[in-house]
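All remarks here apply to the structure that follows.
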Amino acid sequence: MTTRRRFLQAGAASAGGLVIPWKWSWANAHACPPVPALLDPTSIARFVDPLPIPAVLKPKGNAVNAASYQATMTEFQQQLLPAGFGATTVWGYEGSFPGPTIEARRDKPVAVKWINELPQHHLLPVDTTLHGSEPWQPAVRTVVHLHGAHTKPQFDGYPEDWYTSNQRKNFAVFNYKNDQEPASLWYHDHAVGNTRLNVYAGLAGLYTIRDDVEDALNLPSGDYEVPLLIQDRIFTAEGDLFYPYISPVPTAPCPSVLPVFIGDTILVNGKSWPHLEVEPRKYRFRVVNGSNSRPYRLRLVPDAAPDTSLPFHQIGTDGGLLDKPVSVGKVVDGNPVGPQVTVAPAERADIVVDFSSFTPGDVITMRNLGIVDFPSTETVTYLMQFRVVESSGPDTSVLPAVLRPVPRLDPADAVKERNITLDVVQDEYLRPKFLLGNARWMDPITEDPRLNTTEIWNFINTTPNGHPMHVHLVTFEVLSRREFDIDIFNSTGEIVFTGPERLPPNENGRRDMVRVPPGTVVKIIAHFDIPGRFVYHCHFLDHEDHEMMRPFEVVPARGKSAKR
Ligand SMILES: [Cu+2]
């Protein structure tokens with residue numbers, strides 16, 4: 001605590017009760033405060049604490065047509081690390097990090113009053129050189145985005161629709177119709193310029209949509225359906241959250257946004273390297289990667305046979321259930337063989353794991369292999385542990401051969417095909433800056449699909465690293481992922497494919513996230529059925545905050561501008 005307080009005092013000044021956020025010119029780069037002593041992650045005992053399950057948020061009473069909820073953002077302390085380490089100051093909803101889970105039913109609307117009661121100064125150093133984060137902007141500003149929601153633009157958490165705790169109206173009421181496939185959604189902050197810091201401080205939670213059709217499948221449920229929100233963090237020696245603020249680029253200002261953030265400590269549901277007791281039976285795990293930049297390639301490794309891994313099935317993805325369960329990752333060219341599932345930031349994987357071949361006392365560890373072309377490190381290869389205990393009764397759940405038909409879009413119905421490049425340039429401080437279509441956030445809108453039409457978008461990655469792309473409003477289908485010749489494209493604008501189309505079957509559902517590896521074109525198809533202004537962006541939050549986000553506008557008719 002003291003480290004952080006000293007640090008904030010070093011960079012923030014108070015005037016008339018208002019805290020003026022960090023203001024550093026790049027001449028100040030070398031005046032950067034010293035990095036506090038950091039916690040050695042190997043000193044944190046693993047698998048000590050049980051996996052916390054976020055509480056389900058209770059409605060506050062019924063509004064006219066919707067279940068009505070209230071969630072207040074505050075700063076508080078929570079024990080993220082094992083006992084013996086100090087509690088950590090975090091931000092959360094309803095005094096909890098992750099926030100409480102919202103349980104919704106398909107076509108049953110939900111209204112949430114999102115209230116900001118956060119302090120006036122940020123828990124983490126703010127880079128005031130980023131667009132929307134200038135020194136004259138309030139350091140603490142929030143707006144909630146329900147990731148994966150099919151919703152009107154005014155309820156989508158547009159990045160500039162932020163509000164502060166000291167505004168007269170320090171809240172927003174967002175209505176979610178839930179008129180979409182049942183799926184694992186998650187809510188998180190989306191304020192322009194500060195999303196990475198707000199989410200890192202703790203502003204994230206889960207939102208589940210269900211329906212009778214899915215209930216009738218008799219998948220593992222109740223105690224046997226477990227959410228796993230995976231996030232990486234760095235801690236100070238005093239147990240506080242640390243977000244690196246010194247860019248590897250020597251000309252960068254301080255504090256500075258990073259090219260990517262990779263933590264050294266894994267939290268699952270807000271607890272470092274937890275364990276879960278499991279019975280020898282089937283479980284459904286709703287895996288959500290809530291990390292700022294780190295992707296995971298997950299395997300389940302029995303401690304008794306560390307060279308093997310437990311087969312499992314993926315049943316769903318971002319936008320809901322797959323047509324049928326997919327035994328994931330059996331053999332993929334160039335990748336290690338073995339059951340595994342990849343989740344880049346903001347991706348969800350709904351998996352069914354069968355522990356019935358194990359006996360009480362057996363231990364299975366969830367491990368991370370990292371993935372090629374996306375940032376990762378070898379320092380964190382463990383996520384959590386499963387400990388097999390006695391069965392409490394027979395397992396009557398099933399893993400059906402067929403789940404539910406995925407609603408499909410026909411490429412023949414697409415009225416437009418757009419090419420959107422993923423580019424890298426340098427900003428005025430010589431930091432790498434990633435762009436979409438070579439345009440910045442404030443540049444005029446270029447993607448303007450007509451209401452109730454279907455379009456194909458090609459994400460063309462000309463940068464040296466992969467990016468997880470997210471489109472608001474829609475769930476899309478991925479049609480293909482294919483390598484191309486960047487040199488030819490850069491000189492002529494022509495796409496010459498150099499590799500086969502690749503799309504693993506577990507990505508063949510409705511999605512709102514897609515990994516775009518370097519040197520590939522990823523083709524998606526989507527139907528745009530609500531007018532107004534939304535955003536699409538890279539879900540590396542450092543990229544998103546640093547211009548790799550663009551508005552798009554669904555327009556009602558030629559020449560008319562949609563209302564936000
Ligand atoms: Cu990116």
Side-chain angles (χ1 to χ4, degrees), residues 130-131 159 257 259-260 293 295 344-346 372-375 411 414-428 430-449 454-474 476-503 507 511-526 528 533-554:
L130 297 182
H131 174 77
V257 70
V260 289
S293 316
V372 176
D373 293 329
F374 283 80
V415 299
K416 185 143 189 149
E417 183 162 351
R418 299 178 193 271
N419 284 344
I420 298 169
T421 51
L422 282 55
D423 319 288
V424 62
V425 296
Q426 283 185 325
D427 74 1
E428 61 271 41
L430 308 182
R431 297 177 293 192
K433 179 165 80 171
F434 295 95
L435 300 174
L436 295 166
N438 268 311
R440 297 164 304 167
W441 168 249
M442 287 302 285
D443 288 329
I445 285 176
T446 41
E447 284 69 52
D448 55 352
T454 299
E455 294 197 353
I456 289 172
W457 289 12
N458 296 309
F459 291 123
I460 304 166
N461 189 350
T462 70
T463 78
N465 56 278
H467 302 267
M469 290 298 300
H470 174 43
V471 186
H472 287 216
L473 171 65
V474 300
F476 52 77
E477 279 174 77
V478 185
L479 297 176
S480 71
R481 179 186 285 122
R482 213 169 165 188
E483 289 173 1
F484 72 107
D485 190 311
I486 294 183
D487 293 335
I488 294 176
F489 179 79
N490 284 341
S491 56
T492 68
E494 189 189 351
I495 298 172
V496 176
F497 290 110
T498 56
E501 293 197 1
R502 280 187 195 170
L503 192 64
E507 291 189 65
R511 307 186 57 86
D512 52 58
M513 294 298 313
V514 65
R515 272 164 270 135
V516 187
T520 66
V521 176
V522 170
K523 188 185 287 281
I524 66 167
I525 183 168
F528 297 87
R533 191 170 292 190
F534 299 89
V535 301
Y536 71 99
H537 59 89
C538 174
H539 222 288
F540 287 156
L541 301 184
D542 295 277
H543 294 187
E544 170 185 342
D545 278 345
H546 195 193
E547 301 286 1
M548 202 173 190
M549 175 164 71
R550 290 279 294 147
F552 72 91
E553 186 154 333
V554 181

Point to revise | Side chain Asp485, main chain Asp487, donor-acceptor under 3.5 Å | key: yes
Review point. Got Glu417 and Trp457 here, is their nearest side-chain heavy-atom distance under 4.5 Å?
Key: no
Check your understanding: In terms of side-chain geometry, is the basic nitrogen of Arg418 or Asp448 positioned less than 4.0 Å from the acidic oxygen of its partner?
Key -> yes
Practice item. Check side-chain contact (heavy atoms from CB on, under 4.5 Å) between Asp512 and all other residues, then give those that pass, not counting sequence neighbours. Key: His147, Asp318, Arg348, His470
Review point. So do the side chains of Ile525 and Glu455 get within less than 4.5 Å of each other, counting heavy atoms only?
Key: no
Check your understanding: Given the rule in the side-chain hydrogen bond (donor to acceptor under 3.5 Å, both in side chains) test, do His537 and His543 qualify, once you have shown the distances and angles that lead to the verdict?
Key -> CA-CA 9 Å; His537 59 89; His543 294 187; over 6 Å; no
Review point. Are Glu501 and Arg481 ion-paired here, with the side-chain N under 4.0 Å from a carboxylate O?
Key: no
Exercise for review: List the atom of Asp545, the atom of Leu130, and the distance in Å for their closest heavy-atom pair.
Suggested key: O-CD1, 3.8 Å
Practice item. Please name all residues satisfying side-chain contact (heavy atoms from CB on, under 4.5 Å) with Thr492, sequence neighbours left out, ordered by chain then number. Key: Ile488, Glu494
Exercise for review: Among His472, Arg550, Glu447, find the residue that satisfies the side chain to side chain donor-acceptor pair (under 3.5 Å) test when tested with Tyr536.
Suggested key: Glu447
Review point. Quick one: CZ on Phe552 to CG on Leu436, what's the gap to the nearest 0.5 Å?
Key: 12.5 Å
Exercise for review: State whether the side chain of Ser480 and the backbone N or O of Arg482 hold a donor-acceptor pair below 3.5 Å, judged by distance alone.
Suggested key: no
Study note, to complete from the structure: Heavy atoms of Gly437 and Asp423 approach each other most closely as N-OD2, 3.4 Å
Practice item. Check Lys523 against Ile456 and note the closest heavy-atom contact, atom names and distance. Key: CG-CG2, 3.5 Å
Practice item. Run the salt-bridge test on Lys433 and Glu547 with the 4.0 Å N-O cut-off and return the result as yes or no. Key: no
Exercise for review: Please report the closest heavy-atom contact between Val260 and Asp542, naming both atoms and the distance.
Suggested key: C-OD2, 3.8 Å
Practice item. Step through it carefully: locate the ring centre of Phe497, locate the ring centre of Phe484, and say whether they are under 6.0 Å apart. Key: no
Point to revise | Ring-ring centroid check His131 His546, cutoff 6.0 Å | key: no
Practice item. Decide yes or no on ring-ring contact (aromatic ring centres under 6.0 Å, His included) for Phe540 and Phe434, but give the supporting numbers first. Key: CA-CA 11 Å; Phe540 287 156; Phe434 295 95; 8.4 Å; no
